[in-house]
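Here the structure comes first, spelled out in structure tokens, and everything after it is commentary.
What you see is a predicted model, and the numbers here were worked out from it, not measured in a lab. Note on naming: letters A, B, ... go to the chains in the order of the sequence lines (proteins, then strands), and numbering restarts at 1 for each one.
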Protein chains: 2
Amino acid sequence: MLVKDKRSNCPVSCALDIWGDKWSLLIVRDLMLFDKKTYGDFLKSTERIATNILASRLQSLEEHGIITKREHPESKAKVLYMITQKGIELLPMVIETMLWADKYYPASDEIKGILIEIARNKEAFIESKYRELQRTALT
Amino acid sequence: MLVKDKRSNCPVSCALDIWGDKWSLLIVRDLMLFDKKTYGDFLKSTERIATNILASRLQSLEEHGIITKREHPESKAKVLYMITQKGIELLPMVIETMLWADKYYPASDEIKGILIEIARNKEAFIESKYRELQRTALT
DNA sequence: ACTTTTACTTGCATATTGCAAGCAAATTTA
DNA sequence: TAAATTTGCTTGCAATATGCAAGTAAAAGT
């Protein structure tokens, strides 16, 4: 899973070098939309990521500056994973992905709520979520 | 590369089941932005996809309704690959991906031109490209 | 007819994924 | 305070996917 060097200078290619796999964006999604913060949180997601894959993806995302690790305020046994500014900026791309897939594949009820909000006013949703993520990222 | 069934009903997960790999979106990019249409065109892209991987991705994209094959008007030896409506609708997501990556990784000159256009008026660019793709998809 | 182009397929070595089990430090429970 | 549990991983190994090189058949060009 190590990308030695970029395949090209195309931004699409550069982006895929970082998150072009089946799992990385699910971790980003969990951080951005489902308030998940720990290793155990990510493991519990419905897609059932394998523990070794999760560890490797977390490391890769950290190396690429999308997430950072912090001390968990409640326990030294836990690790707090946080999304970075660079990661927060993936929000518009994630939203467009959700809107695309929603058109062709039935979403779960949990997500339908979010999609309704987005449908109501996409820009406002992004703006509000963006600020919310930045706020929690600073504390 | 066969996704037997969806991992979950999350739209992000569904989308990744289809194009969550290092290559599929590069083919979509080539079709949408670089006017590539044939097997040979895709092989020539700077990222240098292996020929067997290209064949498997084209098949997968076709199975998922993102692209279709047509007779090439100039030659029976060639195959014309076309993007479908479902594929065209990936445009906003691809654009957001480009904008994200452009912020952190230097783009090639060929792409800088497109990015400048997008920066000038994103909505207008998407709208115009969207219609252009629909037009060529109909002929 | 012969060569080249085109769109693939095949074989095989290497890399990645996924499953299950293991493990040490921290925390909770008895 | 000793034992059990939680937490965040690592390890081993089988299955799958990737990447490279070579091959192939139909069509096109010379």
Side-chain angles (χ1 to χ4, degrees), chain A residues 1-8 13 16-27 30-31 35-64 67-83, chain B residues 1-8 13 16-27 30-31 35-64 67-83:
Chain A
M1 186 51 196
L2 267 184
V3 176
K4 305 137 221 283
D5 201 19
K6 319 219 141 302
R7 289 173 293 172
S8 79
S13 163
L16 293 174
D17 284 340
I18 295 174
W19 48 257
D21 66 85
K22 294 259 178 289
W23 296 107
S24 296
L25 279 185
L26 295 186
I27 297 172
D30 285 350
L31 283 164
D35 212 38
K36 304 203 173 189
K37 293 168 164 31
T38 67
Y39 196 90
D41 288 343
F42 302 129
L43 271 187
K44 273 177 239 141
S45 287
T46 42
E47 293 86 8
R48 320 258 58 215
I49 188 169
T51 174
N52 56 337
I53 305 296
L54 175 58
S56 92
R57 286 310 112 90
L58 287 171
Q59 195 189 333
S60 159
L61 286 171
E62 196 187 4
E63 283 169 2
H64 286 107
I67 64 174
T68 30
K69 290 162 95 168
R70 293 285 166 79
E71 272 191 7
H72 197 286
E74 288 168 16
S75 157
K76 279 184 186 172
K78 293 186 181 178
V79 174
L80 216 165
Y81 286 96
M82 290 179 49
I83 196 156
Chain B
M1 187 50 195
L2 268 184
V3 175
K4 306 141 219 285
D5 201 18
K6 317 219 141 307
R7 289 172 295 173
S8 79
S13 163
L16 293 175
D17 284 339
I18 295 174
W19 48 257
D21 67 85
K22 294 259 178 288
W23 295 107
S24 295
L25 278 185
L26 296 187
I27 297 172
D30 284 350
L31 282 164
D35 211 38
K36 303 201 174 191
K37 292 168 165 34
T38 68
Y39 196 91
D41 287 343
F42 302 129
L43 272 185
K44 274 178 238 143
S45 288
T46 40
E47 292 86 7
R48 320 257 58 217
I49 189 170
T51 174
N52 56 336
I53 305 297
L54 174 58
S56 91
R57 287 309 113 90
L58 287 171
Q59 195 190 331
S60 159
L61 286 171
E62 196 187 3
E63 283 169 4
H64 286 107
I67 63 174
T68 30
K69 290 162 95 168
R70 295 284 166 82
E71 272 191 7
H72 197 288
E74 288 169 16
S75 155
K76 281 184 184 170
K78 293 186 181 178
V79 173
L80 216 165
Y81 285 96
M82 289 180 49
I83 195 156

Under 4.0 Å: is that the gap between some side-chain N or O of K22(A) and OP1 or OP2 of dA17(D)?
-> no
Just call it for F42(A): base, sugar-phosphate, or nothing, with non-hydrogen atoms closer than 4.0 Å on any strand.
-> nothing
To the nearest angstrom, how far is E62(B) atom CD from dC8(C) atom C1'?
-> 14 Å
Y81(A) side-chain N/O to dC9(D) phosphate OP1/OP2 under 4.0 Å = yes
Any donor-acceptor pair under 3.5 Å from D41(B) side chain to T38(B) backbone | yes
W23(B) side-chain N/O to dA17(D) phosphate OP1/OP2 under 4.0 Å | no
Rounded to the Å, how far apart are E71(B) CD and dA26(D) C1'?
-> 14 Å
Separation of dC9(D) atom C1' from I49(A) atom CD1, nearest Å, is 13 Å
Roughly, in whole Å, what's the span from CG in L54(A) to C1' in dC19(C)?
-> 15 Å
Is there a donor-acceptor contact under 3.5 Å from the side chain of K22(A) to the main chain of L16(B)?
-> yes
What is the distance, rounded to the nearest whole Å, between atom CZ of R57(B) and atom P of dA17(D)?
-> 9 Å
If you measure from CD on E62(A) to CZ on R57(A), what distance do you get to the nearest 0.5 Å?
-> 14.5 Å
Report yes or no: does S45(A) contribute a side-chain atom to a donor-acceptor pair with the main-chain N or O of E47(A) at less than 3.5 Å?
-> no
Within this structure, what is the NE2-to-P distance between H72(A) and dC9(D), rounded to whole angstrom?
-> 12 Å
Run the numbers on K69(A) and Y39(A) for side-chain contact (heavy atoms from CB on, under 4.5 Å), then give the verdict.
-> CA-CA 11 Å; K69(A) 290 162 95 168; Y39(A) 196 90; over 6 Å; no
For N52(B) and for A50(A), locate the closest nucleotide of DNA chain C by heavy-atom distance; then report the residue assigned to the nucleotide nearer the 5' terminus.
-> N52(B)
So which protein nitrogen or oxygen atoms get under 3.5 Å of nucleotides 28-30 of chain D's nitrogens or oxygens?
unit_1, atom_1, unit_2, atom_2, d
dA28(D), OP1, K76(B), N, 2.7

How many Å lie between CD1 on I53(B) and P on dG11(C), as a whole number?
-> 16 Å
Is R48(A) near enough to dC19(C) that one of its side-chain N or O atoms lies under 4.0 angstrom from OP1 or OP2?
-> no
Taking all non-hydrogen atoms of both residues, which atom of I18(B) and which atom of S24(B) are closest, and how far apart?
-> O-OG, 4.2 Å
Sub-3.5 Å donor-acceptor pair from the side chain of Y81(A) to the main-chain atoms of K36(A), do we have one?
-> no
Taking the side chain of K78(A) as its heavy atoms from C-beta onward, which of dT6(C), dG8(D), dT18(D) lies nearest to it?
-> dG8(D)
May I have the distance from K69(A) (atom NZ) to dT7(D) (atom P), rounded to whole angstrom?
-> 16 Å
